[in-house]
Engineer: 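Below is the structure I would like to discuss, written out as structure tokens.
Both counts, for ligands and for their atoms, begin at 1 and track the order of listing. Nothing fancy with the numbering, it's 1 onward along the sequence. Note that the structure is predicted; figures quoted are calculated from it, not measured.
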Amino acid sequence: MPIRTAKHAGFCMGVKRAVDGAMKASRQFGRIVTIGELVHNPQVIRRLEEQGIRAVEALSEAAGQTAVIRSHGVAPGVYEELNALDCQTIDLTCPYVQRLHEIVSRYSGDGRTVIHAGQMDHPEVIGTVGWCNGEVYTVSDAAQAEALPEMDEALAVAQTTFPHEAWETILPVLRRKVKHLTVEDTICTATVLRQNEARQLAAEADAMLVVGGRKSANTRKLYETCRAICSRTLLIESADEIPADFADIHSEIIGITAGASTPDWLLKEVVTRMTDKEQMDQQVPAEEAEKNSFMADVEATLVKIRPGQTVTGTVVQMTDEEICVNIGFKSDGLIKREDLVTEDVKMGDEIEVEVVKVNDGDGNVLLSQRNILKRKAFAKLVEKFENDEYVEGIGKEVVKGGLICDVDGIRAFVPASQLSNRYVEKIGEFIGKTLTLKIIELDEQKRRIVASRKAVLKAEEASRKAEVWESLEEGAVIKGIVRRLTDFGAFVDIGGVDGLIHVTDLSWSHVKHPSEIVHPDQEVEVKILNLDHERERIQLGLKQMQPKPWDVAPQKYPEGSVVIGKVVRITTFGAFVELEPGVDGLVHISQCATTRIDKVEDAVSVGDEINVKVLSIDPQAKRISLSIRALLEDEAPKPVQEEKPAEPEVIDEIVPVDIEAVGKQLEEEAAAAEAEEAPAEKPKKKASSKKAKEAEAAEQPAEPEKPADDAEA
Ligand code: F3S
């Protein structure tokens, strides 16, 4: 059967729900109106009108009536207006669109920005924008996304029917533009499925029919998608628009798909028309044969051929453009020069050819010799596919969604997502280049090959990774390049594989964000802390490359030393001073000043850089006791000491004593005492102490001082 109909064609769930809902409402309420056309298809609109369902553009036209909201949805203000117009509202917004409304409304509830990928004038987009509470930017391609201003944060969503490829090209731009981008994939899966299937069908078909309303954006998109792959694609609104000579139903494959606004009955009409045509065409020669049994007998003697069949024929005519070959059929076959492989072909030569078309439109059979080579080449590719071997292909042509490569003369499609393991901005850069590819899909019947370069690159990367993993050892120190930073750490490329330095392993001190310590492209020396082979995770450490600050603190901050630090925290009992990241000391309130203070802030403030004296250090307890007071006291000038009067010098000199003279003096004293008739006075006690001696000396200045012992003697 040469007619192939897409499985995902016609009404999507949302549109079907809206049409069925409107029909049900019209049966229930009689005449109703829809806010805008329910579907962009004139045939459906006509049928709906026959049921009493009329589309209105201005809300005022719906006043007092039952109004249906179509699957596109509307802005919240529309519900209010309909209410004010005394309308009974039936909301048939597609659930996918409702979800989109909920997402943007929730995100922008506090006024945050929404970036909406879609067509600005599309009713669904207009409705969605109405649900946003902050700024909204609508972009339809990467160039428009490029023109957006830089933003701190935003939400990115897409119109439900937005093409996936366009969304994929917009997202990388938004990721560059918006620091904190939240992405919600709001593209409806029905659209993706429909487009993917249409693309596949178009690649197989000789001619394509896309059925749907010309006003429907979804149908137009489908048409463009198919047309990019199959040049004989036609957009029709009904079966009547199929041209009589659209395709050769006997020898060509005809693909049929339909947009989301095309009802089943319309699609069936087109399929039936094409099938009837096929049957009619088949009947004509049969009827004629019956009429003319002679011709039937003649035809019975002729070979029967079909497209793809290999036959042997004789060269009967040659021109510069083509070769005419007798293949025993009622008409001769023609091979275009470019389809001829045997270069030195001559008249009368027997050559093997393949039937391309039984009738090329002028009654000739179209033949090709190149196709045979292709078939052989294809057989080899099948073998390579089965053996998981790589093939070489040359980039030939950029098509919608990917690149066509020539693999040994066979066209192979490489989807854009399979061209590299990174996002490819310009597919055209692969044209003319030889690529190593892996065939990931091969359909022998349809002769279709889908290949991937990404699979090859991934396999190479995997073997490179395996090699690197082999060489890694826990505890080893290696060099790496910082590739990217996240809130929880820094990813470091250590020769083909990435390891993570967790934020807590970047420094011995507290780190808020990895950017405080490292930056992308920085070369770092790191220690392998842990290798998790199962989960392919490598834990690296940067701080482990430096000694623990407390281990060396006693050498750096010995007791009695004066150091500079920064006040980082103040408590009621003192100020914490950071001497270096990770090493804080305490200046107790009593050590903050030389005089008594009520609170620590009277002496220092957070952020102050101050000189402090180390009073004591306990590395085990991680405590350093610091003092400002001790430092100030050390620096204060010393009071000047009063000079004490010099002690009188004691002269322990032995004075020579004249014994006789002393004796004589004593006698004279005794005589004098007697002469004064005084009772005999006791002789005076001899001075024994220094003071006594001094007194004695004062009393008897003329007398030389005598040593006590000598005097007694
Ligand atoms: Fe809804 Fe998807 Fe159709 S969004 S209207 S189901 S194309």
Side-chain angles (χ1 to χ4, degrees), residues 6-25 34-41 43-45 48 53 55 67-75 78 89-105 114 116-132 138 140 156-167 183-199 201 210-226 235 257-267:
K7 262 193 263 148
H8 298 95
F11 275 178
C12 64
M13 174 274 292
V15 172
K16 187 166 183 334
R17 182 173 168 271
V19 172
D20 291 350
M23 296 284 238
K24 192 172 156 205
T34 62
I35 309 303
E37 285 184 343
L38 213 49
V39 288
H40 301 303
N41 188 297
Q43 281 81 7
V44 180
I45 295 296
L48 290 172
I53 303 165
V68 166
I69 308 284
R70 58 186 170 174
S71 57
H72 292 324
V74 291
V78 174
T89 308
I90 298 173
D91 188 359
L92 294 173
T93 305
C94 170
Y96 280 103
V97 180
Q98 271 172 354
R99 178 178 163 262
L100 173 58
H101 291 173
E102 277 163 25
I103 289 171
V104 296
S105 164
V114 173
H116 193 341
Q119 296 304 325
M120 197 183 280
D121 54 352
H122 191 280
E124 182 197 307
V125 176
I126 295 169
T128 306
V129 168
W131 287 90
C132 301
T138 306
S140 59
V157 290
Q159 186 182 329
T160 54
T161 49
F162 198 63
H164 224 272
E165 308 82 59
W167 175 237
V183 179
E184 288 281 356
D185 189 352
T186 49
I187 296 178
C188 163
T189 47
T191 310
V192 178
L193 275 176
R194 185 190 308 272
Q195 287 185 344
N196 283 350
E197 205 191 350
R199 207 172 281 125
L201 198 56
V210 178
V211 191
R214 290 193 175 83
K215 270 161 70 186
S216 159
N218 166 287
T219 305
R220 272 201 320 274
K221 184 76 228 159
L222 201 59
Y223 165 70
E224 281 159 19
T225 303
C226 295
L235 172 59
T257 186
S261 53
T262 309
D264 281 355
W265 56 263
L266 196 51
L267 181 62

Engineer: Kindly compute the distance separating CG (Asn218) from OG1 (Thr161), expressed to the nearest 0.5 Å.
Structural biologist: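 Atom-to-atom, Asn218:CG and Thr161:OG1 are 6.0 Å apart.
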Engineer: If you measure from NZ on Lys16 to CG on Asp264, what distance do you get to the nearest 0.5 Å?
Structural biologist: 7.5 Å
Engineer: If I take atom CD from residue Glu37 and atom NZ from residue Lys215, how far apart are they, to the nearest 0.5 angstrom?
Structural biologist: 4.0 Å
Engineer: Students should be able to answer this: which protein heavy-atom is nearest to atom 6 (S) of ligand 1, and at what distance?
Structural biologist: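 Residue, atom and distance for the closest contact: Gly14 N, 3.4 Å.
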Engineer: Could you walk me through whether His122 and His116 satisfy the ring-ring contact (aromatic ring centres under 6.0 Å, His included) test, starting with their C-alpha distance in whole Å, then the side-chain angles of each, then the deciding distance to 0.1 Å, before giving a yes or no?
Structural biologist: CA-CA 12 Å; His122 191 280; His116 193 341; 9.7 Å; no
Engineer: Do Met23 and Leu48 have side chains that get closer than 4.5 Å, going by heavy atoms?
Structural biologist: yes
Engineer: Can you tell me the protein heavy atom closest to atom 3 (Fe) of ligand 1 and the distance?
Structural biologist: Cys12 SG, 2.2 Å
Engineer: What atoms of ligand 1 come within less than 4.0 Å of a heavy atom belonging to Thr160?
Structural biologist: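 Reading through ligand 1 atom by atom, the close ones are 4 (S).
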Engineer: What atoms of ligand 1 come within less than 4.0 Å of a heavy atom belonging to Cys188?
Structural biologist: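 Taking each heavy atom of Cys188 in turn, ligand 1 has 2 (Fe), 4 (S), 6 (S), 7 (S) under 4.0 Å.
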Engineer: Would you say Cys94 has an N, O or S atom lying under 2.8 Å from atom 2 (Fe) of ligand 1?
Structural biologist: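 So Cys94 does not bind atom 2 (Fe) of ligand 1 by this criterion.
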